[in-house]
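Letters A, B, ... mirror the listed sequences (proteins, then strands); counts begin at 1.
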Number of protein chains: 2
Amino acid sequence: MDTTIEQAVGILRRNQLKITKQRQALIDYLVTYKDHYVAISEVDEHMRTLFPGMSHNTIYRNVKEFETLGLLELKAQANQTLVKYQCDFKHQHHHHFICSNCGKVQELDACPLDAFEAQLPGCTITGHRIEFYGLCADCTAKLGASKSLSK
Amino acid sequence: MDTTIEQAVGILRRNQLKITKQRQALIDYLVTYKDHYVAISEVDEHMRTLFPGMSHNTIYRNVKEFETLGLLELKAQANQTLVKYQCDFKHQHHHHFICSNCGKVQELDACPLDAFEAQLPGCTITGHRIEFYGLCADCTAKLGASKSLSK
DNA sequence: CAGCTAAATCATAATCATTACTATTTAGTT
DNA sequence: AACTAAATAGTAATGATTATGATTTAGCTG
Ligand SMILES: [Mn+2]
Ligand SMILES: [Mn+2]
Ligand SMILES: [Zn+2]
Ligand SMILES: [Zn+2]
């Protein structure tokens with residue numbers, strides 16, 4: 001039974017990508033944020049403290065490459081791309097609840113795709129994104145349910 | 001019975017915003033794209049052909065202001081913000097199907113919020129986003145259902 | 001209609017995330 | 001140990017968005 005990191009390295013290997021110390025460190029770092037989105041600029045900043053002078057290009061390129069391998073999930077935000085380690089490499093279909101306060105991501109199951117398909121006769125549905133936002137149980141307990149937060 | 005544009009102008013008026021020719025033109029332009037997302041850079045470009053030398057600042061500021069008024073919907077994309085005229089000013093809750101080929105947006109009803117709420121005990125759900133992507137009926141007919149498109 | 005004033009716009013430049021490019025280094029192989 | 005394609009470094013460009021201070025104008029008042 002491989003660790004999460006060994007799984008990731010295995011994926012790189014299977015795709016004939018070289019295992020560089022920069023990529024190792026990138027994976028290590030992202031795994032520690034496994035269930036949170038991180039701004040890519042923070043990733044950039046972190047990598048450049050580990051490897052002073054590391055090229056922005058390298059960081060951004062690897063993040064994108066890792067996404068196409070299914071290692072990471074990217075999420076466009078205003079003026080920022082967010083990065084999250086992929087919850088499951090088997091790509092089991094699921095959706096997310098994201099805490100607006102602590103950033104924690106929880107997985108949800110059940111997918112209402114079928115219900116919506118019926119409303120789109122003649123269309124070809126190639127994908128969908130379903131996300132819920134709010135306060136996780138911990139943050140609800142701490143902050144109360146009365147906070148007004150971004151949708 | 002007001003036209004769509006008169007409704008929009010009424011909203012500006014009710015919020016004590018001045019009706020400038022720039023804002024008029026911005027509304028006019030966006031109404032013609034009523035059911036499509038447009039890249040804000042295209043909006044910028046268009047406005048600056050109508051008003052040569054118009055300040056980027058003015059365009060971006062107004063777009064954002066219009067969003068807070070519920071006139072527009074914004075959508076973060078990698079390196080670009082997309083803009084769409086709000087389908088309905090009454091803010092009836094609904095979700096979207098977006099054609100990856102022609103960009104047309106169709107509204108969907110039914111909302112699976114309840115089903116997911118049950119999976120989040122103790123959490124406070126403040127919002128959600130549900131979007132489907134693919135080919136609309138027209139594009140499916142034209143292009144066939146065999147295209148592989150971005151999720 | 002002329003005058004007033006806060007709001008809006010202009011004009012210009014700065015910021016900041018992301019990307020481009022080319023020289024150099026290195027992982028993985030033989 | 002040598003080889004080579006792939007990866008990285010180093011440097012600068014690009015392009016969307018925002019900042020700032022001067023100028024103009026919409027809407028109001030008399
Ligand atoms: Mn997940
Ligand atoms: Mn709509
Ligand atoms: Zn689904
Ligand atoms: Zn809903």
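The phosphate of D:dT17 has neither OP1 nor OP2 within less than 4.0 Å of any side-chain N or O from B:Lys64. A sub-4.0 Å separation between OP1 or OP2 of D:dG15 and a side-chain N or O of B:Ser41 is absent. For the pair B:Tyr60 and D:dT17, the criterion of a side-chain N or O lying under 4.0 Å from OP1 or OP2 is met. For A:Thr58, a side-chain nitrogen or oxygen approaches OP1 or OP2 of D:dA9 to under 4.0 Å. Regarding contacts with the backbone of D:dA7, a side-chain N or O of A:Arg23 is found under 4.0 angstrom from either OP1 or OP2.
The aromatic rings of B:Tyr29 and B:His46 sit parallel to each other, their planes meeting at less than 30°, with 60° as the upper class boundary. Relative ring orientation between A:Tyr37 and A:His96 is described as perpendicular, the plane-to-plane angle rising above 60° on a 0-90° scale split at 30° and 60°. Taking the six-membered ring where the residue is Trp, A:Phe116 and B:His95 present perpendicular rings, their angle passing 60° and hence far from 30°.
Rounding to whole angstrom units, CD of residue B:Gln24 and C1' of C:dT9 are separated by 16 Å. When rounded to the nearest whole Å, the span between CD of A:Gln16 and C1' of C:dG28 equals 12 Å. The distance between atom CZ of A:Arg48 and atom P of D:dT8, rounded to the nearest whole Å, is 14 Å. Here D:dA7 presents its P atom at 14 Å from CG of A:Leu26, a figure rounded to the nearest Å. Atom CG in B:Asn79 sits about 20 Å away from atom P in C:dT15, given to the nearest Å. In this structure, the CZ atom of A:Arg61 is 8 Å from the P atom of D:dA7, given to the nearest Å. Between A:Asn62 atom CG and C:dT19 atom P the separation is 13 Å, expressed in whole Å. Rounding to whole angstrom units, CD of residue A:Gln22 and C1' of C:dT24 are separated by 13 Å.
Residue B:Leu17 places its side chain closer to C:dA8 than to any other of C:dA8, D:dT18, C:dT19. Relative to the side chain of A:Lys18, the nucleotides C:dT12, D:dA7, D:dT18 differ in distance, and D:dA7 lies closest. Counting only heavy atoms from C-beta on, A:Thr20 has its side chain closest to C:dA27 among D:dT17, C:dA27, C:dA17.
Two residues, B:Lys21 and A:Ile19, neighbour DNA chain C, and the one matched to the more 5' nucleotide by heavy-atom proximity is B:Lys21.
Put simply, CG on B:Asp28 and OG1 on B:Thr4 are 11.0 Å apart, with the number rounded to the nearest 0.5 Å. Taken to the nearest 0.5 Å, the CE atom of B:Met54 stands 6.0 Å off from the CG atom of B:Asn62.
Within 4.0 Å of B:Asn57, counting heavy atoms only, lies at least one base atom of the nucleic acid.
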